[in-house]
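The sequence lines fix the lettering, A, B, ..., with proteins before strands; numbering per chain opens at 1.
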Amino acid sequence: MSERWERIYAVVCRIPRGRVTTYGEVAARAGILRGARQVGYALSALPPGSPIPWHRVLNARGESSLPGEEQRRLLEGEGVRFDARGRVDLARYGWR
DNA sequence: CGGTTGACTTTCC
DNA sequence: AGGAAAGCCAACC
(Lines give C-alpha, C1' and ligand atoms only; values in the text may rest on other atoms or scores of the structure.)
Protein backbone atom coordinates (compact mmCIF):
# COMPACT_ATOMS: atom_id res chain seq x y z
CA MET A 1 0.00 0.00 0.00
CA SER A 2 1.49 3.31 -1.05
CA GLU A 3 2.11 5.88 1.62
CA ARG A 4 0.27 8.45 -0.48
CA TRP A 5 -2.92 6.52 -0.22
CA GLU A 6 -2.45 6.17 3.52
CA ARG A 7 -2.17 9.93 3.81
CA ILE A 8 -5.24 10.42 1.67
CA TYR A 9 -7.22 8.02 3.82
CA ALA A 10 -5.96 9.71 6.96
CA VAL A 11 -7.23 13.06 5.72
CA VAL A 12 -10.61 11.65 4.73
CA CYS A 13 -10.96 10.15 8.19
CA ARG A 14 -10.55 13.61 9.71
CA ILE A 15 -13.59 14.99 7.92
CA PRO A 16 -16.15 15.64 10.66
CA ARG A 17 -19.49 13.86 10.50
CA GLY A 18 -22.11 15.87 8.67
CA ARG A 19 -19.51 17.81 6.69
CA VAL A 20 -18.12 17.31 3.19
CA THR A 21 -15.03 18.33 1.26
CA THR A 22 -13.70 18.15 -2.27
CA TYR A 23 -11.16 15.91 -3.95
CA GLY A 24 -8.87 18.84 -4.47
CA GLU A 25 -9.02 19.74 -0.80
CA VAL A 26 -8.23 16.23 0.32
CA ALA A 27 -5.30 16.10 -2.07
CA ALA A 28 -3.91 19.40 -0.84
CA ARG A 29 -4.25 18.37 2.79
CA ALA A 30 -2.55 15.08 2.02
CA GLY A 31 0.38 16.98 0.62
CA ILE A 32 -0.40 16.14 -3.01
CA LEU A 33 -0.94 19.41 -4.84
CA ARG A 34 -3.17 19.11 -7.87
CA GLY A 35 -3.76 15.48 -6.99
CA ALA A 36 -7.54 15.43 -7.13
CA ARG A 37 -7.51 12.54 -9.56
CA GLN A 38 -5.22 10.55 -7.35
CA VAL A 39 -7.68 10.96 -4.51
CA GLY A 40 -10.43 9.63 -6.72
CA TYR A 41 -8.22 6.78 -7.74
CA ALA A 42 -7.36 5.95 -4.15
CA LEU A 43 -10.99 5.98 -3.10
CA SER A 44 -12.00 3.80 -6.04
CA ALA A 45 -9.53 1.22 -4.79
CA LEU A 46 -11.16 1.32 -1.39
CA PRO A 47 -12.85 -1.97 -0.52
CA PRO A 48 -16.57 -1.75 0.23
CA GLY A 49 -17.33 -1.74 3.91
CA SER A 50 -14.12 0.02 4.81
CA PRO A 51 -14.24 2.38 7.81
CA ILE A 52 -13.14 5.29 5.62
CA PRO A 53 -15.94 7.88 5.26
CA TRP A 54 -15.41 8.16 1.51
CA HIS A 55 -18.92 9.52 0.99
CA ARG A 56 -17.90 12.87 2.51
CA VAL A 57 -15.72 13.58 -0.52
CA LEU A 58 -17.43 15.37 -3.40
CA ASN A 59 -16.19 17.02 -6.58
CA ALA A 60 -15.59 20.76 -6.93
CA ARG A 61 -19.25 21.42 -7.76
CA GLY A 62 -20.42 19.85 -4.54
CA GLU A 63 -21.98 16.84 -6.21
CA SER A 64 -21.24 13.15 -6.26
CA SER A 65 -19.02 11.82 -9.01
CA LEU A 66 -20.38 8.34 -8.57
CA PRO A 67 -23.32 6.82 -10.41
CA GLY A 68 -26.18 5.82 -8.20
CA GLU A 69 -27.64 7.23 -5.03
CA GLU A 70 -25.62 5.51 -2.36
CA GLN A 71 -23.35 8.43 -1.56
CA ARG A 72 -26.28 10.80 -1.37
CA ARG A 73 -28.16 8.52 0.98
CA LEU A 74 -25.21 8.23 3.32
CA LEU A 75 -24.75 11.98 3.48
CA GLU A 76 -28.42 12.70 4.00
CA GLY A 77 -28.23 10.24 6.86
CA GLU A 78 -25.71 12.60 8.45
CA GLY A 79 -27.91 15.64 7.97
CA VAL A 80 -26.36 16.97 4.76
CA ARG A 81 -28.98 18.55 2.51
CA PHE A 82 -28.97 18.36 -1.27
CA ASP A 83 -30.58 21.00 -3.44
CA ALA A 84 -32.97 20.33 -6.33
CA ARG A 85 -30.04 19.73 -8.67
CA GLY A 86 -28.60 17.11 -6.35
CA ARG A 87 -25.80 19.36 -5.18
CA VAL A 88 -24.50 20.20 -1.74
CA ASP A 89 -23.87 23.79 -0.66
CA LEU A 90 -20.13 23.65 -0.06
CA ALA A 91 -20.16 27.08 1.58
CA ARG A 92 -22.43 25.62 4.26
CA TYR A 93 -21.36 22.00 4.60
CA GLY A 94 -17.78 22.27 3.44
CA TRP A 95 -15.09 21.23 5.86
CA ARG A 96 -14.21 24.60 7.44
C1' DC B 1 10.34 2.41 -19.48
C1' DG B 2 6.18 4.30 -21.97
C1' DG B 3 1.35 4.46 -23.01
C1' DT B 4 -3.29 4.25 -20.90
C1' DT B 5 -6.57 5.37 -17.28
C1' DG B 6 -9.47 7.93 -14.11
C1' DA B 7 -14.85 8.62 -7.83
C1' DC B 8 -10.82 15.67 -10.87
C1' DT B 9 -10.43 20.79 -12.06
C1' DT B 10 -10.15 24.74 -14.75
C1' DT B 11 -10.66 27.21 -18.77
C1' DC B 12 -12.58 28.25 -23.02
C1' DC B 13 -16.26 28.42 -26.47
C1' DA C 1 -25.62 28.16 -18.57
C1' DG C 2 -23.82 23.98 -20.30
C1' DG C 3 -20.64 21.27 -22.77
C1' DA C 4 -16.12 20.31 -24.90
C1' DA C 5 -11.03 20.47 -24.39
C1' DA C 6 -7.00 20.58 -22.16
C1' DG C 7 -4.13 20.20 -17.98
C1' DC C 8 -2.71 17.14 -14.18
C1' DC C 9 -0.36 13.28 -11.74
C1' DA C 10 0.21 8.72 -9.71
C1' DA C 11 -1.03 3.91 -10.35
C1' DC C 12 -1.38 0.18 -13.71
C1' DC C 13 -0.14 -2.92 -17.41
Side-chain angles (χ1 to χ4, degrees):
Chain A
M1 202 51 119
S2 160
E3 213 178 291
R4 273 194 179 78
W5 290 19
E6 296 295 340
R7 254 180 279 169
I8 291 172
Y9 297 145
V11 170
V12 174
C13 284
R14 288 182 204 121
I15 305 172
R17 190 178 166 299
R19 288 292 178 83
V20 300
T21 193
T22 66
Y23 292 96
E25 269 298 306
V26 173
R29 283 176 182 284
I32 308 169
L33 226 42
R34 279 169 258 164
R37 301 191 79 137
Q38 280 50 263
V39 173
Y41 189 85
L43 294 187
S44 71
L46 213 48
S50 83
I52 313 288
W54 55 268
H55 54 278
R56 297 183 189 144
V57 184
L58 303 172
N59 63 27
R61 287 179 179 174
E63 54 188 4
S64 172
S65 293
L66 270 65
E69 307 250 333
E70 183 177 352
Q71 183 166 28
R72 174 169 179 163
R73 283 191 293 99
L74 289 168
L75 286 176
E76 288 180 325
E78 296 185 344
V80 175
R81 291 197 188 176
F82 285 71
D83 65 16
R85 285 206 195 111
R87 301 190 331 204
V88 172
D89 183 350
L90 287 177
R92 170 148 43 208
Y93 297 103
W95 189 15
R96 319 204 167 178

**Q.** Smallest separation among heavy atoms of A:Tyr93 and A:Gly18, with atom names
**A.** CD2-O, 3.9 Å
Q: Starting from C1' on B:dT9, measure out to CG on A:Leu58 and report it in whole angstrom.
A: 15 Å
Q: Taking only the side-chain heavy atoms of A:Leu66 (C-beta and beyond), determine which of B:dG6, B:dT9, B:dA7 contains the nearest atom.
A: B:dA7
Q: Using a 4.5 Å cut-off on heavy atoms from C-beta on, say whether the side chain of A:Ile8 contacts that of A:Ile32.
A: yes
**Q.** Whichever of A:Gly35 and A:Tyr41 has its nearest DNA chain C nucleotide further upstream toward 5'
**A.** A:Gly35
(Q) Using a 4.5 Å cut-off between side-chain heavy atoms of Ile, Leu, Val, Met, Phe, Trp and Tyr, which other residues end up in the same hydrophobic cluster as A:Leu33? (A) none
Q.
Is any side-chain heavy atom of A:Phe82 closer than 4.5 Å to one of A:Glu76?
A. yes
(Q) In whole Å, I'd like the distance from the CG atom of A:Asn59 to the C1' atom of B:dC8. (A) 8 Å
Q: Can you tell me the distance, in whole Å, between the CZ atom of A:Arg34 and the C1' atom of B:dT10?
A: 12 Å
Q: Report the distance from atom CZ of A:Arg61 to atom C1' of B:dA7, rounded to the nearest whole Å.
A: 14 Å
Donor-acceptor pairs under 3.5 Å, side chain of residues 50-60 of chain A to any protein atom, not counting sequence neighbours: which ones?
{"residue": "A:Ser50", "atom": "OG", "partner": "A:Ile52", "partner atom": "N", "Å": "3.4"}
{"residue": "A:His55", "atom": "NE2", "partner": "A:Glu78", "partner atom": "OE2", "Å": "3.2"}
{"residue": "A:Arg56", "atom": "NE", "partner": "A:Glu78", "partner atom": "OE1", "Å": "3.0"}
{"residue": "A:Arg56", "atom": "NE", "partner": "A:Glu78", "partner atom": "OE2", "Å": "3.3"}
{"residue": "A:Arg56", "atom": "NH1", "partner": "A:Ile15", "partner atom": "O", "Å": "2.8"}
{"residue": "A:Arg56", "atom": "NH2", "partner": "A:Glu78", "partner atom": "OE2", "Å": "2.7"}
{"residue": "A:Asn59", "atom": "OD1", "partner": "A:Arg61", "partner atom": "N", "Å": "3.0"}
{"residue": "A:Asn59", "atom": "OD1", "partner": "A:Gly62", "partner atom": "N", "Å": "3.3"}
{"residue": "A:Asn59", "atom": "OD1", "partner": "A:Glu63", "partner atom": "N", "Å": "3.1"}
{"residue": "A:Asn59", "atom": "ND2", "partner": "A:Glu63", "partner atom": "O", "Å": "3.3"}
{"residue": "A:Asn59", "atom": "ND2", "partner": "A:Ser65", "partner atom": "OG", "Å": "3.3"}

Q.
Heavy atoms only, 4.0 Å cut-off, all strands: where does A:Gly24 land among base, sugar-phosphate and nothing?
A. sugar-phosphate
Q) How would you label the contact of A:Tyr23 with the nucleic acid (heavy atoms, under 4.0 Å): base, sugar-phosphate, or nothing? A) base
Q. Distance check: side-chain N/O of A:Ser44 vs OP1/OP2 of B:dG6, anything under 4.0 Å?
A. no
(Q) From CG of A:Leu33 over to P of B:dT9, roughly how many Å is that when rounded to an integer? (A) 13 Å
(Q) Does any part of the side chain of A:Leu43, heavy atoms only, come nearer than 4.5 Å to the side chain of A:Tyr23, both counted from C-beta? (A) yes
Q. Which part of the nucleic acid, if any, lies within reach of A:Arg37 when heavy atoms closer than 4.0 Å are counted: base, sugar-phosphate only, or nothing?
A. base
(Q) Mind checking if A:Arg4 touches a base, just sugar-phosphate, or nothing, with heavy atoms under 4.0 Å? (A) sugar-phosphate
Q) Relative to the 5' end of DNA chain C, which residue comes earlier, A:Gln38 or A:Ala45, by the nucleotide with the nearest heavy atom? A) A:Gln38
Q.
Could you tell me how far apart A:Gln71 (CD) and B:dC8 (P) are, to the nearest whole angstrom?
A. 10 Å
Q.
What is the first contacted nucleotide of DNA chain C and what is the last, in 5' to 3' order, if contact means an atom lying under 4.0 angstrom from a heavy atom of chain A?
A. C:dG7 to C:dC12
Q | Lys/Arg cation over aromatic A:Trp95: A:Arg29, 6.0 Å, 45° cone | A | yes
